[in-house]
Amino acid sequence: MQIEKYKLEEHNHSLQKEHQRRFDFIAAEIKDVNGLLQKLIDFQVAIPSWALGTGGTRFGRFGGGGEPRNLEEKIEDIGLLHALNKSSGAISLHIPWDIPENASHIKALAAQNGLKFDAMNSNTFQDQSGQELSYKFGSMQHVDKAVRKQAVAHNIEVIKYGVELDSKALSVWLSDGSNFPGQLNMRGAFERTLESLQEIYEALPDDWKVWVEYKPYEPNFYSTTIGDWGQSYLLSSKLGQKAQTLVDLGHHLQGVNIEQIVSLLLMEGKLAGFHFNDSKYGDDDLTVGSINPYQLFLIFNELVEGMDARGMTHATSIGWMIDASHNVKDPIEDLLQSVEAIKIAYAQALLVDTPALVQAQQDNDVVQAQEILQHAYRTDVRPLLAEARLRAGGALNPLTVYRQQTIRQQLINERGAKAVSTGL
Ligand code: LRH
Ligand code: MN
């Protein structure tokens, strides 16, 4: 389903006066407000194809209605999201959950919805029906060469699907590891994983990247072969310049300083991009910025500083993507909130008075440094995001339009109230 343009214009007109007052207030404080707005307009967040349905845990799943039943409907839902916030112009597919049977049709449908194809995700953490060899004891780390070959072949197949869709990256997350001490020779597991990734690396088209995602635990609970940024960085350094490290915010143990990891990966030119979400305990995959928005701001502060230091174009130099699971929220509302939280953190980081901060750091004026950073964090940048959406043809308040137009009810009428499995 599409949103009629006049309905968006009606909504924006009804909020215009109040918006203008708020925008004028903050714009008065910003030197090059149009430059900042252009950065916000260009900043697009990719939406995972597996996040348009209701997620769940091993204890249960409470499916909502109107969920997409196939790849076409997932593309339509992201198209709807993008029509509202003009900030979700890409989809990331997971294979085999979303095999593009007819690539040219899928590509055309995505283009109609203003969407590009971001990284392609492979899957050697589940056994598919009809699969010859099991990944129970791992895939690329497996002691049996035949299992490793099967995993390599799957990743090369995923690259093929991606080439047809003009994607430019393969994203690899391996659940490989062990549940008990003694179960695995961890050096052997790492070396076999490297050997497998090298075969995949050789199959990458020249203009492609391979993104190596790390995660400390789950589904393995003693060791994970690619368990932290160091192990991913070691692999991507040994593989070559087309290999980089992907940072999923939920894949860090309590107390880890993620923004420090980001600054170092950027320094090394080895930061692939992000799977944005939020968490309080483990890999909770909650709405971005819903638990620790200050950490998200600090990460973007390092990103802006590090990308500017390397002359990188913010919007296109690394992968910006959400990886979340919606257990109790409407998936589209959850994604609207997540994209908003990401762009709020980015806008606040763009407002940091960097010359003053550098001076305070030079003077070891710790108090002043915090004041400068938190002034940006405590600035309500939402009118800037609304203005950027308005100029890009979106809604001043996407969530309000989504609810006022009873879009979920329309999707339920169209698709039915029954829940649809998301593969996870
Ligand atoms: C693993 C992960 C990975 C995906 C999966 C859906 O926890 O973050 O990025 O493949 O979630
Ligand atoms: Mn992830």
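When a ligand or atom number is given, it counts from 1 through the structure's own listing order.
If you run side-chain contact (heavy atoms from CB on, under 4.5 Å) between Ile75 and each of Leu52, Asn113, Ile47, only Asn113 comes through.
Summary: ND1 is the N/O/S atom of His275 found nearest to the Mn ion (ligand 2).
When rounded to 10 degrees, the angle formed at the Mn ion (ligand 2) by OE2 (Glu213) and OD2 (Asp248) equals 90°.
In this structure, Leu265 and Trp229 have side chains that are in contact, with non-hydrogen atoms separated by less than 4.5 Å. Contact annotation: the side chain of Pro48 never approaches that of Lys74 to less than 4.5 Å [non-hydrogen atoms, C-beta and beyond].
Here is the list of ligand 1 atoms found below 4.0 Å of a heavy atom in His94: 4 (C), 10 (O). Short contacts between ligand 1 and Trp50, defined as distances under 4.0 Å to a heavy atom of the residue, involve ligand atoms 6 (C). Each of the atoms 7 (O) of ligand 1 lies under 4.0 Å from some heavy atom of Asp283. Close approach to His275 involves these atoms of ligand 1, each under 4.0 Å from a residue heavy atom: 9 (O). Listed by atom number, the atoms of ligand 1 under 4.0 Å from Glu213 heavy atoms are 2 (C), 3 (C), 8 (O), 9 (O). Every atom of ligand 1 with a heavy atom of Asp248 under 4.0 Å away is listed here by number and element: 8 (O).
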Which is it for Glu67 and Arg415 under the salt bridge (charged side-chain N to carboxylate O under 4.0 Å, His left out) test, yes or no, and what are the steps along the way?
-> CA-CA 7 Å; Glu67 296 179 8; Arg415 299 170 181 173; over 6 Å; no
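Counting heavy atoms under 4.0 Å from ligand 1, residue Lys215 touches it through the side chain alone.
Salt bridge Glu340/Arg382: absent, no basic N to carboxylate O contact under 4.0 Å.
Aromatic ring centres of His94 and Phe125 lie closer together than 6.0 Å.
Within the 2.8 Å limit, His251 places no N, O or S atom next to the Mn ion (ligand 2).
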